[in-house]
Protein chains: 2
Amino acid sequence: MTVSSLEPTTLKAGFHALSDTLRLQILELLRSQEYCVCDLCNLLEVSQSKLSFHLKTLKDANLIQSRQEGRWMYYSLNLAQFALLEQYLADYRRFTTLRPATPCENP
Amino acid sequence: MTVSSLEPTTLKAGFHALSDTLRLQILELLRSQEYCVCDLCNLLEVSQSKLSFHLKTLKDANLIQSRQEGRWMYYSLNLAQFALLEQYLADYRRFTTLRPATPCENP
DNA sequence: CCTACCTATCAAGTTTTCTTGATAGGTTTA
DNA sequence: TAAACCTATCAAGAAAACTTGATAGGTAGG
């Protein structure tokens, strides 16, 4: 998947998922290792229901993935999606021309 | 400013600003040049009030900057802030260890 | 001055997102 | 199979974000 093929909806979902403090904390934790929901609940001191809601947001945005093992559900980062969003931002730096405005035609 | 010094509030505001279709369209337009508000209104076919609201969101997130010239207000990209958010995402790719979970201690 | 113009802000209403407590599905253990 | 456990989902309420129309401030031109 290339950056040029990025749907606006993909960007919207991805950046929205990143725009919440708790979700950023979840991602920070997952940087070191996989965690199951109950571990994340304990580490972040939030309710299981709340955590599931935010994990779903992150998963829908494709930023994390899940793997079931017995009754546990383990979550981990999907770095490919991070790279995609990173590339989108990088293209601003690479392919932007900071031209001054052509004077507005209004009176 | 380094990535490690990024406040969660900076990230939150930045990614939130990027999580809206109209705001992404504004940013795309500003890639080619500065624009005044009335030009953006015409190009995007949205009300002036609505546009001001979203421009404020982008400016509060430091993704754009403004410059007054007579009665016109010109907006342009602040690429430094794009680079900051890009770097934050890049660090996930660079400094993440995808360790499998240590088995959950629960019964 | 007085008017026209560009833009920001405000208040009120609407929509979206988030939180909370309860419930249900699926898995393991006894 | 019964009970305990982990997690996802649901419904209802709360909070945040967005939209809309109106207004006000500042600038330029007549």
Side-chain angles (χ1 to χ4, degrees), chain A residues 8-9 11-27 29-30 34-61 63-76 101-107, chain B residues 8-9 11-27 29-30 34-61 63-76 101-107:
Chain A
T9 167
L11 296 171
K12 191 178 156 176
F15 290 132
H16 170 253
L18 291 168
S19 69
D20 175 88
T21 307
L22 179 55
R23 290 195 289 266
L24 288 175
Q25 290 178 305
I26 294 171
L27 295 174
L29 284 175
L30 293 180
E34 264 189 337
Y35 279 111
C36 65
V37 178
C38 58
D39 278 344
L40 291 171
C41 274
N42 294 334
L43 290 165
L44 295 168
E45 295 179 322
V46 296
S47 71
Q48 182 268 316
S49 165
K50 187 174 186 169
L51 196 53
S52 267
F53 172 84
H54 289 287
L55 287 171
K56 179 168 169 46
T57 301
L58 288 168
K59 189 172 180 190
D60 288 348
L63 288 169
I64 62 175
Q65 52 211 339
S66 60
R67 163 178 80 82
Q68 186 169 6
E69 188 173 321
R71 24 186 189 193
W72 289 276
M73 188 70 80
Y74 288 100
Y75 284 93
S76 57
T102 50
C104 172
E105 309 85 6
N106 289 15
Chain B
T9 167
L11 295 171
K12 190 178 154 175
F15 290 130
H16 170 252
L18 291 168
S19 69
D20 175 88
T21 307
L22 178 56
R23 290 195 290 266
L24 289 175
Q25 290 178 306
I26 294 171
L27 295 175
L29 284 175
L30 294 179
E34 266 189 335
Y35 280 111
C36 66
V37 178
C38 56
D39 278 343
L40 290 173
C41 274
N42 295 334
L43 290 167
L44 295 167
E45 296 179 318
V46 296
S47 72
Q48 182 268 316
S49 166
K50 186 174 186 170
L51 196 54
S52 268
F53 172 83
H54 289 286
L55 286 170
K56 180 167 167 49
T57 300
L58 288 167
K59 189 172 180 189
D60 288 349
L63 288 170
I64 62 174
Q65 53 210 339
S66 60
R67 163 179 80 81
Q68 185 170 6
E69 188 173 320
R71 24 185 188 190
W72 289 276
M73 188 69 80
Y74 288 100
Y75 283 93
S76 57
T102 51
C104 171
E105 309 85 4
N106 288 14

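Predicted model, so just to flag it, every value in this text is computed and none were measured. Basis for what follows: all heavy atoms, side chains included, without hydrogens, waters or symmetry-related copies. Reminder, nothing fancy here: chain letters follow the sequence lines and each chain counts from 1.
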Which of the following nucleotides, [options], is nearest to the side chain of [X]?
{"X": "A:Lys56", "options": "C:dT7, C:dT9, D:dT9", "result": "D:dT9"}
{"X": "A:Ser52", "options": "D:dC6, D:dT9, C:dT7", "result": "D:dT9"}
{"X": "A:Thr57", "options": "D:dA28, C:dC18, C:dT7", "result": "C:dC18"}

For this session: Compare side-chain N and O positions of B:Tyr75 against OP1 and OP2 of C:dA8 and report whether any pair is under 4.0 Å apart.
Result: yes

Exercise. At under 4.0 Å, does any side-chain N or O of A:Lys50 touch on OP1 or OP2 of C:dT20?
Worked result: yes

Exercise. Do B:Ile64 and B:Leu27 come within less than 4.5 Å of each other through their side chains, counting heavy atoms only?
Worked result: yes

For this session: Please examine the side chains of A:Leu40 and A:Leu55, heavy atoms only from C-beta on, and report whether any two atoms are closer than 4.5 Å.
Result: yes

Seminar exercise, completed: Sequence neighbours excluded, the answer for side chain to side chain donor-acceptor pair (under 3.5 Å) partners of A:Ser66 is A:Lys59

Seminar exercise, completed: Assign each of A:Leu22 and B:Met73 the nucleotide of DNA chain C bearing its closest heavy atom; nearer the 5' end lies the nucleotide of B:Met73

Between [N] ([atom2]) and [X] ([atom1]): distance, integer Å:
{"X": "B:Arg23", "N": "C:dT16", "atom1": "CZ", "atom2": "P", "value": "14 Å"}
{"X": "B:His54", "N": "C:dT9", "atom1": "NE2", "atom2": "C1'", "value": "15 Å"}
{"X": "B:Tyr74", "N": "C:dT7", "atom1": "OH", "atom2": "C1'", "value": "13 Å"}
{"X": "B:Asp60", "N": "D:dA17", "atom1": "CG", "atom2": "P", "value": "11 Å"}
{"X": "A:His16", "N": "C:dT16", "atom1": "NE2", "atom2": "P", "value": "12 Å"}
{"X": "B:Leu51", "N": "C:dT7", "atom1": "CG", "atom2": "P", "value": "9 Å"}
{"X": "B:Phe53", "N": "D:dA22", "atom1": "CZ", "atom2": "C1'", "value": "17 Å"}
{"X": "B:Arg71", "N": "C:dA4", "atom1": "CZ", "atom2": "C1'", "value": "7 Å"}

Exercise. For the residue pair B:Leu18 and B:Leu24, what are the closest heavy atoms and their distance?
Worked result: O-CD2, 3.4 Å

Problem set entry | side-chain contact (heavy atoms from CB on, under 4.5 Å) involving A:Ser19 - partner list, sequence neighbours excluded | A:His16, A:Arg23, B:Phe15, B:His16

Problem set entry | Set of side-chain contact (heavy atoms from CB on, under 4.5 Å) partners for B:Leu43, sequence neighbours left out | B:Leu29, B:Tyr35

Seminar exercise, completed: Applying salt bridge (charged side-chain N to carboxylate O under 4.0 Å, His left out) to B:Lys50 and not counting sequence neighbours gives none

For this session: Have a look at the helix from C:dC1-D:dG30 to C:dA30-D:dT1 and give the angle its two end axes make, five pairs each, rounded to 10 degrees.
Result: 20°

For this session: Can you measure from OH (A:Tyr75) to CG (A:Asp39) and round to the nearest 0.5 angstrom?
Result: 13.5 Å

Exercise. What's the spacing between A:Cys38 SG and A:Met73 CE if we round to 0.5 Å?
Worked result: 12.0 Å

Exercise. How do B:Lys12 and B:Gln48 order along DNA chain D: which one's closest nucleotide is nearer the 5' end?
Worked result: B:Lys12

For this session: Please confirm whether the backbone N or O of A:Arg71 pairs with a side-chain atom of A:Glu69, one donor and one acceptor, at under 3.5 Å?
Result: no

Exercise. By a strict heavy-atom criterion of less than 4.0 Å, which residues belonging to residues 63-70 of chain B are in contact with DNA chain C?
Worked result: none

